[in-house]
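Here's the structure, in structure tokens; my notes come after.
Every chain is numbered from 1, with letters handed out A, B, ... down the list of sequences. Quick note: numbers below take in every heavy atom, side chains included, and nothing from hydrogens, waters or symmetry partners.
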Amino acid sequence: MISLENVTKTYHPGDPPAVKNLTMEVKDGEVCVLVGPSGCGKTTTMKMINRLIEPTEGKIYLNGEDISKKNPIKLRLEIGYVIQEIGLFPHMSIAENIATVPRELKWPREKVKERVDELLDLMGMDPEHFRSRRPGALSGGQRQRIGVARALAADPPTMLMDEPFGALDPITRARLQNEFLRIQSRSIKPSYLLPMILMKLLRWVTRLQSCGKVTWYNLPLRMSF
Amino acid sequence: MLNKWFVRVFFSILLLGIFVGYPWYNIANPAGRTEARMLQPEIVWRFGEQHLILWGVALLVAIVIGTIAGILISRPYFRFAAPVVVNIANIGQTVPSLGVLAIFMGILGMGFNTAVFALIIYAILPILRNTYAGMITISPDIIQAARGMGMTPMRILARIELPLALPVIMAGIRNASVMVVGAATLATFIAAGGLGAMIVTGMAVMREQLFYTGAVMAASLAVLLDYILRIIEQEVTL
């Protein structure tokens with residue numbers, strides 16, 4: 001469960017805040033979507049949750065714990081994270097990219113390999129074919145899938161996804177969104193609850209909403225529909 | 001694969017052949033008595049050995065200092081120092097190599113240590129500059145993704161930043177290596193030996209066989225070492 005209490009972020013003193021007095025709550029198993037025009041503070045809100053950015057005011061709780069009192073490294077290892085620009089490591093193979101967090105957590109080699117293959121399968125990419133390739137050899141859509149697979153690798157109880165389909169053309173995006181719906185429905189298990197924050201995905205959101213799992217939050221600042 | 005290594009080994013042996021074969025031939029066939037006095041196997045090989053040691057020590061120390069300094073000034077909290085450090089290193093580079101030797105001779109006296117010291121100063125710049133450039137040109141998205149997934153700064157440095165900057169760092173090291181082999185020929189002026197001794201002596205007594213021997217050895221050594229470093233570069237960055 002993620003809860004934000006009166007969170008404000010001002011990048012430069014005197015400037016209008018990027019996020020102002022945001023209070024919201026995402027329950028376990030819930031998918032939360034932040035929607036809004038660019039510059040309204042969606043990415044800032046997300047980055048405050050895994051402490052890439054520290055809030056100026058207010059408190060953020062993850063499963064009841066104040067995150068400002070947690071070790072940021074530990075905190076981030078518990079949160080799956082997909083950034084807007086994907087940010088795959090170009091010098092590592094697909095398998096090594098996906099294995100980033102499990103390796104940080106020092107999983108045994110066999111278990112890591114198994115997990116990588118499982119995730120590639122889940123993403124609809126043949127492990128035999130893709131495992132040892134470099135990100136440079138992939139198409140845009142495949143890269144985004146690897147970005148998501150990498151975030152899912154250690155089975156994090158919480159996922160933050162920042163426009164995971166931002167850089168795609170409409171057709172590929174639609175296909176991937178459908179695929180992710182499938183993945184999500186497959187990967188939710190009792191122990192695996194999925195509060196997700198997704199951005200600007202109106203089409204997908206409508207689909208999700210019809211499953212009855214979506215909460216909406218209007219960012220109070222400069223919100224428009 | 002086999003083909004690639006065949007070419008590499010072939011050219012390495014070819015260059016080594018020039019480095020060894022040319023002085024060997026001249027030792028066996030000195031053009032006159034003056035040449036014969038200097039073209040003794042133990043003298044020529046000692047000059048070659050001194051040259052290699054000058055190169056190796058200077059480059060090794062310069063790699064350690066240059067990469068560490070380059071990494072430090074690419075960190076956010078030291079980045080303010082980057083222009084200053086790069087400029088100081090640039091000045092070290094602009095002074096002619098003979099001048100650098102002369103300055104340090106004034107401070108440290110003659111001999112091997114002074115030569116090595118001057119060569120280190122000379123070799124640091126390309127390594128430092130390339131390390132810095134390699135580190136700061138890494139896309140911030142990649143670092144951000146790594147941070148967001150919970151990698152510690154040291155792990156990010158070791159697993160993401162250094163491997164990504166390695167091709168640029170290696171280019172700097174190769175650059176420094178060629179410069180050091182060239183500048184080490186001047187070490188003879190401060191009695192630190194090296195292949196320059198043959199060139200300088202040869203020119204002083206107007207015996208071209210002597211300075212050709214020194215020059216060909218120094219040149220083939222520079223190319224050979226650069227070739228070996230290039231093989232290392234290709235192997236570690238693939």
Side-chain angles (χ1 to χ4, degrees), chain A residues 43 46-53 67 70-93 96-106 132 134-136 143-144 146-154 156 158-164 166-167, chain B residues 1-2 4 63 67 70-71 74-80 127 130-174 229-238:
Chain A
T43 300
M46 286 219 345
K47 286 184 177 170
M48 284 192 290
I49 295 171
N50 67 4
R51 289 191 65 187
L52 283 176
I53 295 174
I67 63 159
K70 278 189 86 161
N71 176 346
I73 301 295
K74 270 209 185 114
L75 175 78
R76 290 174 196 150
L77 286 171
E78 287 169 16
I79 302 177
Y81 182 51
V82 184
I83 69 163
Q84 217 164 3
E85 299 83 3
I86 317 175
L88 294 184
F89 308 136
H91 60 300
M92 294 187 190
S93 69
E96 286 172 315
N97 262 289
I98 296 177
T100 308
V101 179
R103 278 173 77 171
E104 292 302 306
L105 294 170
K106 303 200 167 56
S132 51
R134 297 287 166 102
R143 263 181 241 175
Q144 299 227 289
I146 299 304
V148 175
R150 185 171 68 170
L152 284 169
T158 311
M159 289 277 288
L160 300 171
M161 299 168 77
D162 195 347
E163 297 209 42
Chain B
M1 189 63 198
L2 193 79
K4 187 174 75 179
I63 289 172
T67 45
I71 291 168
S74 72
R75 303 293 91 183
Y77 36 90
F78 282 130
R79 202 165 283 183
F80 69 92
I127 299 175
N130 277 36
T131 305
Y132 176 66
M135 299 293 282
I136 61 162
T137 47
I138 296 171
S139 155
D141 309 336
I142 293 171
I143 308 293
Q144 179 115 107
R147 267 190 357 115
M149 282 190 297
M151 291 176 87
T152 60
M154 276 315 280
R155 293 277 289 168
I156 295 177
L157 181 67
R159 292 205 51 210
I160 312 288
E161 292 178 287
L162 279 180
L164 282 174
L166 198 61
V168 190
I169 298 174
M170 278 305 293
I173 292 174
R174 282 176 57 195
L229 284 176
R230 203 178 84 184
I231 295 173
I232 296 174
E233 176 186 340
Q234 285 169 348
E235 283 307 303
V236 293
T237 55
L238 268 180

_Residue among B/I160, B/L166, B/I143, B/I138 with most heavy-atom pairs under 4.5 Å to chain A_ = B/I160
*asked:* So which residue, A/G87, A/A151, A/A154, ends up with the most heavy-atom pairs under 4.5 Å with chain B?
replied: A/G87
*asked:* Ignoring hydrogens, what is the shortest heavy-atom contact between A/P90 and B/I142? Give both atom names and the distance.
replied: CD-CD1, 3.6 Å
*Would you give the length of the straight line joining atom NE2 of A/H91 to atom CZ of B/R159, rounded to the nearest 0.5 angstrom?*
7.0 Å
*Nearest atoms (heavy-atom pairs only) where A/R76 meets B/G148*: CB-O, 3.5 Å
*asked:* Which atoms of A/K47 are under 4.5 Å from chain B, going by heavy atoms: the side chain, the backbone, both sets, or neither?
replied: side chain
*Could you tell me the separation between the CZ atom of A/F89 and the CE atom of B/M149, rounded to the nearest 0.5 Å?*
4.0 Å
*Give, as side chain, backbone, both or neither, the part of B/T152 having an atom under 4.5 angstrom from any heavy atom of chain A.*
both
*Identify which part of A/L88 has an atom lying under 4.5 Å from any heavy atom of chain B, answering side chain, backbone, both or neither.*
backbone
*To the nearest 0.5 Å, tell me how far A/E104 CD sits from B/R155 CZ.*
4.0 Å
*Please look at B/R147 and chain A and tell me whether the side chain, the backbone, both or neither of the residue comes under 4.5 angstrom of a heavy atom of that chain.*
both
*Roughly how far, to the nearest 0.5 Å, is CD1 of A/I83 from CD of B/Q144?*
5.5 Å
